[in-house]
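Keep in mind that what you see is a predicted model, and the values were worked out from it rather than measured. The analysis underlying the following values was restricted to heavy atoms, covering all of them including side chains, and did not include hydrogens, waters or symmetry mates.
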Amino acid sequence: MSNNEPKWYVVHTYSGYEKKVASNLETTVENRGFKELITDVCVPIETVTEITDDKPKTVERKIFPGYVFIKMVMTDDTWYIVRNIRGCTGFVGPSSKPIPLSDEEVKAMGLENQSETAARIEVAYKVGDRVRIKDDSFDDAEGTVEFIDVQNNTVRVIVQMFGQDTPVDLALNKVEVLE
């Protein structure tokens, strides 16, 4: 392994300080001229659309809370800079000895292409849950969730109609979990 090749390392931070640590580190790197040694600082986030109370709400969440990922050439100077950033509690590794992530770990975590933020949709119900429909056609009807398709923003609910189970496809926000 070449000593001059930047590798990804993980730094543990105080909870909630991930973005502040990343920002302070980027500023310090810029001010001290270490851009060739510390090439990337990353706090992986995902955009989640939560569907509750009939309203979709989009929130950003940290994928790895309490951690900042840094692509750097490990030297005494870079170690010192990172280790002394306010809010940083140390490198992840045995006895806080920095161990770089393997290529497989970097690929699995998607660190090399963090320009795209991960996005997903969360609903308050799951397959098999009893739900109430909040749609004009079936208002207040109750049924069981059979299938959830977040890509197409739909849910299939099995409703009792005229003594038979009838599948009804609805928008994700048109059902609510029964208490």
Side-chain angles (χ1 to χ4, degrees), residues 1-52 55-129 145 147-155 172-173 177:
M1 180 171 84
S2 171
N3 228 7
N4 295 332
E5 181 184 337
K7 294 283 188 187
W8 283 100
Y9 294 87
V10 183
V11 174
H12 192 265
T13 67
Y14 293 127
S15 180
Y17 280 75
E18 300 88 352
K19 287 185 178 182
K20 187 69 174 164
V21 167
S23 173
N24 288 345
L25 182 57
E26 288 168 345
T27 302
T28 302
V29 166
E30 185 71 35
N31 291 343
R32 293 197 181 177
F34 275 71
K35 277 252 184 232
E36 300 81 36
L37 296 175
I38 300 178
T39 61
D40 199 1
V41 179
C42 174
V43 179
I45 59 169
E46 64 182 346
T47 303
V48 178
T49 303
E50 296 174 338
I51 298 183
T52 56
K55 296 176 197 124
K57 179 176 137 186
T58 303
V59 295
E60 280 190 349
R61 289 189 188 155
K62 294 172 196 84
I63 297 173
F64 305 104
Y67 297 96
V68 174
F69 295 81
I70 303 166
K71 188 171 187 177
M72 61 187 268
V73 176
M74 184 58 69
T75 66
D76 288 343
D77 290 336
T78 57
W79 179 89
Y80 182 83
I81 287 173
V82 172
R83 190 63 186 86
N84 287 290
I85 292 292
R86 184 183 197 120
C88 172
T89 60
F91 283 92
V92 172
S95 303
S96 293
K97 179 180 182 282
I99 302 293
L101 296 175
S102 69
D103 292 340
E104 295 80 26
E105 290 170 321
V106 170
K107 187 176 179 183
M109 291 179 186
L111 293 174
E112 291 296 344
N113 49 353
Q114 262 299 302
S115 55
E116 314 97 44
T117 303
R120 61 187 175 103
I121 296 176
E122 278 188 1
V123 291
Y125 49 86
K126 62 187 179 309
V127 173
D129 282 354
V145 176
F147 178 73
I148 300 171
D149 184 357
V150 291
Q151 266 100 10
N152 293 319
N153 196 34
T154 60
V155 59
L172 291 173
N173 63 344
V177 176

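Closest heavy-atom contact between Val43 and Ala22: CG2-CB, 3.8 Å. Pairing each heavy atom of Cys88 with each of Val11, the nearest pair is SG-CG1, 3.0 Å. Residue Ile81 comes nearest to Ile85 through the heavy atom pair O-CG1, 3.2 Å, listed as atom of the first residue, atom of the second, then distance. Contact record, Val73 with Thr78: O-OG1, 2.8 Å, taken as the closest heavy-atom pair. Heavy atoms only, all atoms of each residue included: Met72 and Val82 are closest at SD-CG2, 4.0 Å. Ile45 and Lys19 get closest at one heavy-atom pair: CG2-CE, 4.5 Å.
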Assess the residue pair Tyr125 and Leu172 against the criterion (side-chain contact (heavy atoms from CB on, under 4.5 Å)); give the C-alpha distance rounded to whole Å, side-chain angles, the decisive distance to 0.1 Å, and a yes or no. CA-CA 10 Å; Tyr125 49 86; Leu172 291 173; 3.5 Å; yes
Might you work through the side-chain contact (heavy atoms from CB on, under 4.5 Å) test for Leu101 and Lys7, ending with a clear yes or no? CA-CA 7 Å; Leu101 296 175; Lys7 294 283 188 187; over 6 Å; no
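The environment of CZ in Phe34 is crowded: more than 12 heavy-atom neighbours from other residues, nucleotides or ligands sit within 6.0 Å.
Residue pairs that meet the salt bridge (Lys or Arg N to Asp or Glu O under 4.0 Å) test with at least one member in residues 69-93, sequence neighbours left out, are Lys71-Glu112.
Atom CG in Leu37 sits 8.5 Å away from atom CG in Asn4 (nearest 0.5 Å). One distance of note links CD1 of Ile63 with CE of Met109; it measures 10.0 Å at 0.5 Å rounding.
Every residue two or more places apart in sequence or in another chain that forms a salt bridge (Lys or Arg N to Asp or Glu O under 4.0 Å) with Lys62 is listed here: Glu18. Taking Phe64 as the reference, Phe69 meet the ring pair (Phe, Tyr, Trp, His ring centres under 6.0 Å) condition, with sequence neighbours excluded.
Classified by interplanar angle (parallel below 30°, tilted 30° to 60°, perpendicular above 60°), the ring pair Tyr9/Phe91 is perpendicular.
Residues Trp8 and Asp40 are in side-chain contact: their nearest non-hydrogen atoms beyond the backbone lie under 4.5 Å apart. Residues Ile38 and Ile70 meet the side-chain proximity criterion, which asks for heavy atoms closer than 4.5 Å.
A side-chain donor-acceptor contact under 3.5 Å links Asp129 to the backbone of Lys126.
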